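Since we're looking at a predicted model, the values are computed, not measured.
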Amino acid sequence: MRAFIVDQYKQPLHEADVAEPVVGDHDVLVKVVAAGLNQLDEKIRKGEFKLILPYKTPFTLGHDVAGTVIGVGAKVRSVKPGDEVFARPRDPRIGTFAERIAVDEADVAIAPSTISPVEAASLPLVALTAWQALVEKGRVGPGQKVLIHAGSGGVGSIAIQLAKHLGATVATTASSANADFVRELGADVVVDYRSQDFATELSGYDFVLDSLGGENLEKSLRVLRPGGKVVGINGPPDPAFAKQARLNPALRLVIAGLSRSVRSKARKLGVTYEFLFMRADGRQLREIAALVESGSIRPVVGATFAFAETPAALSALGTSSIRGKAVVTGA
């Protein structure tokens, strides 16, 4: 079948003819109708995560899928051939930039019936990231003040909507060109990151979702109330992540060192920092699908590309200013 693969880390993504997926007893074979593009794909191609998430080359890239079930393993019970599904396949079983993919049943959910496959493909990774940050780590609820950075982006556009559904007052950072857009998503306060400093504009927040890292992360600590929390999805990883990922002792020491400075600054301010590397979860996707069908969350697709354009589309992610997600249609 056709697929886009990485021969070696840092080498360009290219099309190749690869073997058909092997379908295990608990696997769902999906014909790919659409696949979401993510910054994570490009970071993995460049080898930025190979110490904590090593892939044996060559491998097929792609973390989001929406499509049709065309086969199931002997022990699969939740879906059947003909069902329209969406998923974020678990690590290390990614590979949605292909004609077909076998996904563990536990990672799959029936796609929302109210949206298109292209829209469904835009959701899994970013919606699971938002859910795991806001619901699991943040325990965001009514009356809380939440700051979502980069509100017009893939994660931000979903996180704003989820935070509003949870009852929070939501602030976000965005350009002036996107101010009305993020307000339509539910943002109560919009800080123009080009002309305003959010660290001086905002204070007393309960929770911050930071997707930028670096100086932005450290400044985010200062807008929190005592006891507040920042969850970062762009690093640095922390010891809790290293333990959860079952990394070896040497890597655990390295990771502890990477986040020592930000964790120390957080402690001095009476707040906490946690790193999130989202995980596949079909149960959570079912919750998200219900929110989509009820109208609480709407997917945001800023651009679509033909399957053959996948490498160029992925390369353009870091330089484009699309709203929400970019999606590739199936081969």
Enquirer: Shared ILVMFWY cluster between V33 and V301, side chains joined below 4.5 angstrom?
Expert: no
Enquirer: Looking only at heavy atoms, what is the nearest atom pair of T96 and H63, with distance?
Expert: OG1-N, 3.3 Å
Enquirer: Evaluate the side-chain proximity of P236 to Y273: yes if any heavy-atom separation is below 4.5 Å, no if none is.
Expert: yes
Enquirer: Is a donor on one side and an acceptor on the other found under 3.5 Å between the side chain of K229 and the backbone of K137?
Expert: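 Present.
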Enquirer: As an exercise, state the distance from CD of E20 to CE of M1, rounded to the nearest 0.5 Å.
Expert: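 The distance works out to 5.5 Å.
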Enquirer: Under 4.5 Å between any side-chain heavy atoms of I288 and L128, yes or no?
Expert: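 Yes. Closest side-chain heavy atoms under 4.5 Å.
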Enquirer: So does Q196 have more than 12 non-hydrogen atoms from other groups sitting under 6.0 Å from CD?
Expert: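 Check passes, neighbour count above 12.
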Enquirer: Ignoring hydrogens, what is the shortest heavy-atom contact between T114 and E293? Give both atom names and the distance.
Expert: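 In this case the closest contact between T114 and E293 is OG1-CA, 3.7 Å.
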Enquirer: Taking D107 first and then R88, would you say they form a salt bridge - that is, a charged N and a carboxylate O separated by under 4.0 Å?
Expert: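 Salt bridge between D107 and R88, a charged N being under 4.0 Å from a carboxylate O: no.
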Enquirer: Which pair of non-hydrogen atoms, one from I115 and one from L123, has the smallest distance, and what is that distance?
Expert: CD1-CD1, 3.9 Å
Enquirer: Measure the shortest side-chain to side-chain distance between R194 and S175 over non-hydrogen atoms and say whether it is less than 4.5 angstrom.
Expert: yes
Enquirer: Checking the side chain of N38 only, and the main-chain atoms of D41 only, is there a donor and an acceptor separated by less than 3.5 Å?
Expert: no
Enquirer: How many angstroms lie between OH in Y205 and OG1 in T169, if you round to the nearest 0.5 Å?
Expert: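 Answer for the OH-OG1 pair, Y205 versus T169, is 7.5 Å.
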Enquirer: Between the main-chain N or O of L251 and the side-chain N or O of N248, is there a donor-acceptor pair closer than 3.5 Å?
Expert: yes
Enquirer: Looking only at atom types and distance, does a side-chain atom of D238 sit under 3.5 Å from a main-chain N or O of E274, one as donor and one as acceptor?
Expert: no
Enquirer: Among D17, L13, V18, find the residue that satisfies the side-chain contact (heavy atoms from CB on, under 4.5 Å) test when tested with I5.
Expert: V18
Enquirer: Mind listing the closest non-hydrogen atom pair of K31 and R100 along with its distance?
Expert: CA-CG, 4.2 Å
Enquirer: Heavy atoms only: give me the nearest A256-R263 pair and the separation to one decimal.
Expert: O-NH2, 2.8 Å
Enquirer: Quick check on the hydrophobic clustering: are L51 and L40 connected, directly or via other members, by side-chain heavy-atom contacts under 4.5 Å?
Expert: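 Per the 4.5 Å side-chain linkage, L51 and L40 are co-clustered.
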Enquirer: Which heavy-atom pair separates A168 from V146 by the least distance, and what is that distance?
Expert: CB-CG2, 3.7 Å
Enquirer: Calculate, to the nearest 0.5 Å, the distance between atoms CZ and CG belonging to R286 and L291 respectively.
Expert: 13.5 Å
Enquirer: Evaluate K219 against R222 for side-chain contact (heavy atoms from CB on, under 4.5 Å), listing each step before the verdict.
Expert: CA-CA 5 Å; K219 288 169 64 175; R222 303 203 296 270; 3.5 Å; yes
Enquirer: If the condition is side-chain hydrogen bond (donor to acceptor under 3.5 Å, both in side chains), which residues does R139 pass it with, not counting sequence neighbours?
Expert: none
Enquirer: If we only count heavy atoms from C-beta on, is the R323 to L185 side-chain gap below 4.5 Å?
Expert: no
Enquirer: Measure the shortest side-chain to side-chain distance between V262 and V230 over non-hydrogen atoms and say whether it is less than 4.5 angstrom.
Expert: no
Enquirer: Take K325 and S157 through the test side-chain contact (heavy atoms from CB on, under 4.5 Å) and record every step on the way to the result.
Expert: CA-CA 9 Å; K325 288 286 294 292; S157 60; over 6 Å; no
Enquirer: May I ask you to decide if L212's main-chain N or O and N234's side chain share a donor-acceptor pair within less than 3.5 Å?
Expert: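 Such a contact is found between N234 side chain and L212 backbone.
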Enquirer: Do V231 and F207 have side-chain heavy atoms sitting under 4.5 Å apart?
Expert: yes
Enquirer: Rounded at 0.5 Å granularity, tell me how far CZ in F59 sits from CG in D7.
Expert: 9.5 Å
Enquirer: Are I322 and V300 linked, directly or through other ILVMFWY residues, by side chains that come within less than 4.5 angstrom of each other?
Expert: no
Enquirer: So, do F307 and F4 have ring centers that fall under 6.0 Å from each other?
Expert: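 Yes, ring centres under 6.0 Å apart.
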Enquirer: Taking only distance into account, with no hydrogens and no angle test, what donor-acceptor pairs under 3.5 Å do side-chain atoms of residues 276-285 form with protein atoms, sequence neighbours excluded?
Expert:
residue, atom, partner, partner atom, Å
R279, NH1, E136, OE1, 3.0
R279, NH2, E136, OE2, 2.6
D281, OD1, R283, N, 3.0
D281, OD1, Q284, N, 2.9
Q284, OE1, Q132, NE2, 2.9
Q284, NE2, E136, OE2, 2.7

Enquirer: Give, for atom OG1 of T68 and atom CG of L29, the distance between the pair rounded to the nearest 0.5 Å.
Expert: 11.0 Å
Enquirer: Are side-chain heavy atoms of Y9 and K50 found at a separation under 4.5 Å?
Expert: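 Counting from C-beta outward, Y9 and K50 do come under 4.5 Å.
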Enquirer: Using a 3.5 Å distance criterion without hydrogens, assess whether the side chain of Q161 forms a donor-acceptor pair with backbone atoms of R298.
Expert: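 Indeed, once roles are kept as given, a pair shorter than 3.5 Å links the two residues.
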Enquirer: Apply side-chain contact (heavy atoms from CB on, under 4.5 Å) to Y55 and I94, showing your working.
Expert: CA-CA 10 Å; Y55 282 93; I94 63 170; 3.6 Å; yes
Enquirer: Is there a donor-acceptor pair under 3.5 Å between the side chain of T304 and the backbone N or O of V327?
Expert: no
Enquirer: Checking V191 against Y193 for the side-chain contact (heavy atoms from CB on, under 4.5 Å) test, could you report, in this order, the C-alpha distance in whole Å, the side-chain angles of both residues, the deciding distance, and whether it holds?
Expert: CA-CA 6 Å; V191 178; Y193 68 86; 5.9 Å; no
Enquirer: What distance do L269 atom CG and L221 atom CG have between them, rounded to the nearest 0.5 Å?
Expert: 6.0 Å
Enquirer: Is the backbone N or O of S78 less than 3.5 Å from a side-chain atom of E105, with the two atoms forming a donor-acceptor pair by type?
Expert: yes
Enquirer: Are V118 and F305 linked, directly or through intermediate hydrophobic residues, by side-chain heavy-atom contacts shorter than 4.5 Å (ILVMFWY only)?
Expert: no
Enquirer: Got E119 and P112 here, is their nearest side-chain heavy-atom distance under 4.5 Å?
Expert: no
Enquirer: Give a yes or no answer on whether the side chain of S203 reaches the backbone of V223 with a donor-acceptor pair at less than 3.5 Å.
Expert: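 No; judged by distance alone, with no hydrogens or angles, the pair does not exist.
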Enquirer: Assess the side chains of S211 and H149: does a donor N or O sit below 3.5 Å from an acceptor N or O?
Expert: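 No pair is found: no donor N or O on one side chain lies under 3.5 Å from an acceptor on the other.
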Enquirer: Is there a donor-acceptor pair closer than 3.5 Å between any side-chain N or O of D25 and the backbone N or O of G73?
Expert: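 Looks like no, no N/O pair under 3.5 Å.
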Enquirer: Kindly give the cluster partners of I110, where membership spreads through any ILVMFWY side chain lying under 4.5 Å from a current member.
Expert: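 When side chains under 4.5 Å apart are linked, the cluster holding I110 also contains V28, V30, V32, V65, V69, V72, V76, V79, V85, I101, V103, V108.
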